[in-house]
Amino acid sequence: PAPYKGYSFVDYEITPAVEIKDDTFIMPNTPLTIKGIFAKVGTVTVTESEHGKVLPSKSIVNAGEKVSIYVMPDEGYELDTLTVKQGEADVTVADGAFTMPAGDVTVSATFIAKVYVAQIGETKYATLQAALDAAAAATDAAQTVVLLSDVTIPDGVSFAMAEKNV
């Protein structure tokens with residue numbers, strides 16, 4: 001028989017255990033119990049976001065399966081928040097993936113504009129240190145670091161300029 005609506009076949013369990021090869025087995029002289037294992041099927045719905053896209057690796061998923069989430073911010077934006085909810089309950093997301101619960105989930109994301117503090121040529125940097133490191137590593141010519149916003153160096157923090165012009 002077909003699974004009930006909202007469920008899919010996952011596996012079967014046979015007791016006592018028998019050797020199965022190519023989905024067949026030799027019937028022993030003892031009674032067997034064959035149990036079908038089914039999982040609740042849920043859907044992954046993505047809420048549309050401004051300034052980026054979010055794509056799940058699967059949209060119809062068995063409970064217990066891993067679902068990866070691919071985040072693609074628009075140019076000049078970065079991910080701010082990523083949430084997965086089953087109703088009002090949060091679903092844990094770790095390393096860009098979650099385990100599908102028994103039921104439907106909604107994935108939502110917010111994106112914020114990247115903040116750049118310095119620029120060398122056409123390349124922008126999120127931190128002054130990254131820009132200074134890039135300038136110091138350049139071997140072809142002296143680099144000009146342009147500050148794009150106010151930079152505050154915390155008390156007790158210092159840096160040394162490179163031996164060449166940067």
Side-chain angles (χ1 to χ4, degrees), residues 1-131 133-134 137 148-152 154:
Y4 291 140
K5 184 176 180 176
Y7 289 82
S8 68
F9 176 76
V10 176
D11 202 356
Y12 48 84
E13 184 179 287
I14 302 175
T15 51
V18 293
E19 182 179 341
I20 300 173
K21 185 176 181 182
D22 298 324
D23 284 336
T24 61
F25 62 90
I26 297 173
M27 184 69 183
N29 290 333
T30 59
L32 293 178
T33 301
I34 301 174
K35 176 182 168 185
I37 301 170
F38 299 86
K40 184 152 179 58
V41 176
T43 58
V44 178
T45 302
V46 176
T47 304
E48 192 171 325
S49 302
E50 285 188 47
H51 310 298
K53 292 184 175 76
V54 177
L55 295 173
S57 59
K58 306 171 187 177
S59 58
I60 299 176
V61 187
N62 291 331
E65 284 188 293
K66 180 180 175 182
V67 179
S68 296
I69 303 172
Y70 303 103
V71 177
M72 297 167 288
D74 291 345
E75 181 71 32
Y77 288 84
E78 61 189 358
L79 181 67
D80 183 32
T81 63
L82 176 66
T83 58
V84 178
K85 289 192 172 277
Q86 181 184 26
E88 294 298 315
D90 287 331
V91 175
T92 301
V93 178
D95 299 322
F98 66 93
T99 301
M100 186 70 176
D104 299 337
V105 298
T106 302
V107 178
S108 59
T110 57
F111 297 90
I112 58 173
K114 284 185 178 179
V115 176
Y116 297 106
V117 298
Q119 181 172 342
I120 301 174
E122 296 298 314
T123 305
K124 295 178 181 176
Y125 297 89
T127 67
L128 176 59
Q129 188 62 56
D133 291 347
L148 302 174
S149 62
D150 291 338
V151 177
T152 302

Work out which heavy atom in [X] is nearest to a heavy atom in [Y]; give both atom names and the distance.
X	Y	answer
Ser49	Ala109	OG-O, 2.9 Å
Gly52	Asp74	N-OD2, 3.5 Å
Gly64	Thr99	O-CG2, 3.5 Å
Lys66	Ala97	CE-CB, 3.4 Å

Contacts of [X] that satisfy side chain to side chain donor-acceptor pair (under 3.5 Å) - sequence neighbours left out:
X	result
Asp80	none
Ser108	Thr83
Thr110	Thr81

Next on the checklist: Are more than 12 heavy atoms, taken from residues, nucleotides or ligands other than Ile60, located less than 6.0 Å from that residue's CD1 atom?
Outcome noted: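 Not more than 12 within 6.0 Å, no.
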
Item to check | Glu78: salt bridge (charged side-chain N to carboxylate O under 4.0 Å, His left out) partners, not counting sequence neighbours | outcome: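 Glu78 satisfies salt bridge (charged side-chain N to carboxylate O under 4.0 Å, His left out) with no residue once adjacent residues are dropped.
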
Checklist entry - Given side chains that start at C-beta, do those of Pro56 and Val107 come closer than 4.5 Å, heavy atoms only? => result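 No, side chains not in contact.
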
Next on the checklist: Could you check whether any side-chain heavy atom of Val54 comes within less than 4.5 Å of a side-chain heavy atom of Thr47, counting everything from C-beta outward?
Outcome noted: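 No; the side chains remain at least 4.5 Å from each other.
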
Test: salt bridge (Lys or Arg N to Asp or Glu O under 4.0 Å). Region: [range]. Which pairs qualify, not counting sequence neighbours?
range	answer
residues 90-104	Lys85-Asp90
residues 112-130	none
residues 44-59	Lys58-Glu65

Item to check | ring-ring contact (aromatic ring centres under 6.0 Å, His included) pairs, two or more places apart, involving residues 57-108 | outcome: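 Of all non-adjacent pairs touching residues 57-108, those that pass ring-ring contact (aromatic ring centres under 6.0 Å, His included) are His51-Tyr77.
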
Checklist entry - For Phe111, what residues pass the ring pair (Phe, Tyr, Trp, His ring centres under 6.0 Å) criterion, not counting sequence neighbours? => result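 Residues passing ring pair (Phe, Tyr, Trp, His ring centres under 6.0 Å) with Phe111: none at all.
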
Next on the checklist: Val67 vs Val105, test: side-chain contact (heavy atoms from CB on, under 4.5 Å). Steps then yes/no.
Outcome noted: CA-CA 11 Å; Val67 179; Val105 298; over 6 Å; no

Show me the donor-acceptor pairs within less than 3.5 Å that the side chains of residues 18-35 make with the rest of the protein, sequence neighbours left out.
| from | atom 1 | to | atom 2 | distance (Å) |
| --- | --- | --- | --- | --- |
| Asp23 | OD1 | Tyr12 | OH | 3.2 |
| Thr24 | OG1 | Lys21 | O | 2.8 |

Could you pull out every donor-acceptor pair under 3.5 Å between side chains of residues 3-11 and any protein atom, sequence neighbours left out?
| from | atom 1 | to | atom 2 | distance (Å) |
| --- | --- | --- | --- | --- |
| Ser8 | OG | Asn62 | OD1 | 2.3 |
| Ser8 | OG | Asn62 | ND2 | 3.2 |

